[in-house]
Protein chains: 2
Amino acid sequence: MRRAERLAEIVEIVRDGRLHTARDLAESLEVSDRTIYRDMDTLAASGVPIEGERGVGYLLREPVFLPPLALSSTELEALSLGMAIVREAADPELQEAAMTLLGKVEGHASIRRRSPKSWGFGVYAFEQAKPGFVHMPLIRRAVQERLKLRITYVSLAGDKSERIIRPLQTDYWGRVWTCSAWCELRNAFRAFRIDRISGCFDTNEHFDVEHGKTIEDYLEKIAKTFEN
Amino acid sequence: MRRAERLAEIVEIVRDGRLHTARDLAESLEVSDRTIYRDMDTLAASGVPIEGERGVGYLLREPVFLPPLALSSTELEALSLGMAIVREAADPELQEAAMTLLGKVEGHASIRRRSPKSWGFGVYAFEQAKPGFVHMPLIRRAVQERLKLRITYVSLAGDKSERIIRPLQTDYWGRVWTCSAWCELRNAFRAFRIDRISGCFDTNEHFDVEHGKTIEDYLEKIAKTFEN
DNA sequence: CCCAAACTGACAGGTTATGTCAGTTGTGTT
DNA sequence: AACACAACTGACATAACCTGTCAGTTTGGG
C-alpha cells in the first residue's frame with residue numbers, strides 16, 4: 001500500500017497553500033517525476049482539487065483533508081444534528097457548508113443504507129433570515145484574522161451609532177448570535193447582537209493581541225461579575 | 001485500484017452487524033479466500049475494528065464507514081461550530097459523541113497545522129444539565145425504532161400526569177428541547193418539553209405508522225394552525 | 001472428538017506501478 | 001521574440017505487488 005500512502009502524503013504537502021513542483025515532490029517522496037504526474041491524475045480522479053499550471057507548479061487552493069474516519073453511529077447522529085442546527089441557526093455561508101458536508105457524508109452508500117434519511121430531529125432555532133446575518137461571514141473572518149471592523153449598530157433602545165470594533169468571538173446563545181468585541185468608541189468590551197448590526201465594513205486594519213483586550217480578559221471579567 | 005475498492009466493499013458488507021465467513025465474502029467479491037484473509041490483515045492494520053473468530057466468521061461491531069472526505073475549510077468550520085453547539089446543547093450521549101468526533105477530525109495533523117485550535121466560536125446554548133436530559137438517549141432511540149414510552153410529565157401549570165406516548169421527533173428550539181409525540185392519554189398530538197419529563201420508561205412495545213398519527217400529519221396540522 | 005472456519009507459509013503467474021526516455025504544450029520572464 | 005521552466009503525454013521494459021492454488025495449523029463450538 002505504498003501508493004495509497006503516497007497519495008495522502010502528496011495532499012498533506014500541497015495543502016500548505018504554496019506552490020510545489022513535481023520534481024520537488026518526487027524528490028521528497030523518493031519517486032520519479034513521472035510517478036508524481038500519474039499520482040496527480042489519480043488524485044484528480046478522486047476529486048481532490050489540486051490545480052497544476054504549466055511552468056508554475058501545483059497548488060491546492062481549497063484546504064482539504066482526507067482522513068479515513070471511522071465514526072460510530074452515535075457520532076454520525078451528532079454530526080447530523082449539528083449540521084441540522086447549523087443549517088437552521090447560522091449564516092448563509094455556514095448553512096451552505098453544513099449542507100454540502102452532510103451531503104458528502106450521507107452520499108456514501110454505507111450511510112444511506114442504514115438511515116432512512118431522517119434521524120428524527122426537528123430544528124427550529126430561528127425565524128427567517130435575520131437582518132445582520134449577511135455580515136456574519138465577514139465577522140467570522142475578522143475574528144480569525146484579527147481584523148478591525150467599522151459597524152453601524154442599533155442598540156436595543158434604538159440608538160444608532162457607528163463604531164470601530166475588534167471582534168474577538170462570535171457567540172451563539174441558543175436563538176441569538178452576538179459578537180464579543182473590544183469597542184474603540186467606548187474603549188471597553190461590548191457584545192453586539194448580530195441582528196442589530198445594520199452596516200459592517202472591513203477596515204483593512206489588523207489589531208494586535210493587547211494585554212487586557214483579549215477574549216480571555218473579557219470572559220474573566222464576566223465571570224467576576226457573576227461572583228458578586 | 002481494484003484492491004482499494006474491494007477493501008471498502010468488505011467494510012460495506014460487514015458493517016451490517018451480521019456474521020460473514022471469508023468464503024462468502026470471497027464469492028461475492030469474486031476473489032479467493034486467501035485474498036480475503038490478506039485483505040483482513042490490511043484492514044486491521046488500517047485500524048478497522050473487524051473481529052474474526054475461528055470457526056465463526058467476521059463481525060464488525062461498531063458501525064464504521066471510511067469515506068476519504070475532502071472538506072473545505074468552511075465545511076470544517078461548520079463542523080466545528082455544529083459540534084460546539086451539540087456539546088453544549090444536547091444530551092450527554094450526543095455530547096460525548098460530538099467531542100470524540102471533533103477529536104478524531106482535529107487529531108488529523110493536517111488540521112492541527114492550520115487552526116489554532118479555536119475557531120472563535122462561543123456557544124452558550126444552555127444552563128447546566130437540565131433534568132430531563134438523562135432520558136434523551138432513550139427518547140431518540142424510541143423515535144428511531146418506533147417504540148412506545150411511558151412518561152411522567154409535569155406541565156407548565158405544574159400538573160403531574162402519566163402517559164403512554166409514541167415519540168415521533170425530537171425538536172430543538174434554540175434553547176429548549178421538546179419531543180413531538182402522539183399521546184395515547186389525550187389521543188392527540190402533543191409536544192413535551194424534555195426538561196419537564198421526570199420519568200421515562202421503555203414499554204418494549206412498538207407502534208405502527210398509522211395514518212393521521214405520523215410526524216408529517218402533525219407538522220401539517222401545525223402549518224394549518226398558522227394559516228388562520 | 002470432529003467440524004467449521006479463521007489463519008499461515010510458499011510459490012508461480014498475472015497485473016499493476018514505476019523509471020527511463022523522448023517528446024509536446026502552456027506560462028512567465030527577459 | 002526567445003527562452004526557461006514545468007506541467008503533461010506516450011511507449012516500453014522491469015520491478016513490485018497482488019492473487020490463486022495448495023497444503024497445512026489453530027481455535028471455538030457442538
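Below, chain A is the first sequence line, B the second, and so on; all start at residue 1. Please read all numbers here as calculations on a predicted model, not as lab measurements. Just the heavy atoms: all of them, side chains too, but no hydrogens, waters or symmetry mates, feed the values below.
Pairing each heavy atom of A89(A) with each of W177(A), the nearest pair is O-NE1, 2.6 Å.
Separating the CE atom of M40(B) from the P atom of dT19(D) is a distance of 14 Å, rounded to the nearest angstrom. Distance D39(A) CG to dT16(C) C1': 13 Å, rounded to the nearest Å. The distance between atom CD1 of I10(B) and atom C1' of dC18(D), rounded to the nearest whole Å, is 14 Å. Here the C1' atom of nucleotide dC18(D) and the CG atom of L29(B) are 15 Å apart, to the nearest Å. Note: CD (E51(A)) to P (dT27(C)) measures 13 Å, nearest angstrom. Here dT20(C) presents its C1' atom at 14 Å from OH of Y37(A), a figure rounded to the nearest Å. In this structure, L7(B) places its CG atom 8 Å from P of dT19(D), rounding to the nearest Å.
Contact check, R3(B) against dT19(D): a side-chain N or O comes under 4.0 Å of OP1 or OP2.
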Distances under 3.5 Å between nitrogen or oxygen atoms of protein and nucleotides 20-23 of chain D:
from    : atom 1 : to     : atom 2 : distance (Å)
dG20(D) : OP1    : S32(B) : N      : 3.4
dG20(D) : OP2    : S32(B) : N      : 2.7
dG20(D) : OP2    : S32(B) : OG     : 2.8
dG20(D) : OP2    : T35(B) : OG1    : 2.3
dG20(D) : N7     : R38(B) : NH2    : 2.7
dG20(D) : O6     : R38(B) : NH1    : 3.4
dG20(D) : O6     : R38(B) : NH2    : 3.4

Nucleotides 25-30 of chain D: which of its N/O atoms have a protein N/O under 3.5 Å away?
from    : atom 1 : to     : atom 2 : distance (Å)
dT26(D) : O2     : R54(B) : NH1    : 2.9

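With a 4.5 Å cut-off on side-chain heavy atoms, W182(A) and N187(A) count as touching.
Of the residues R150(A), R163(A), K148(A), the one that meets the salt bridge (Lys or Arg N to Asp or Glu O under 4.0 Å) test with E184(A) is K148(A). Shown are L185(B), I165(B), I197(B); of these, the side chain to side chain contact (heavy atoms under 4.5 Å, CB included) with Y153(B) is made only by I197(B).
Residue whose closest nucleotide on DNA chain C sits further toward the 5' end, between T21(B) and R6(A): T21(B).
Note: I36(B) CD1 to L7(B) CG = 9.0 Å, rounded to the nearest 0.5 Å.
For R146(B), the CZ atom is loosely surrounded, since the number of other residues' heavy atoms within 6.0 Å does not exceed 12.
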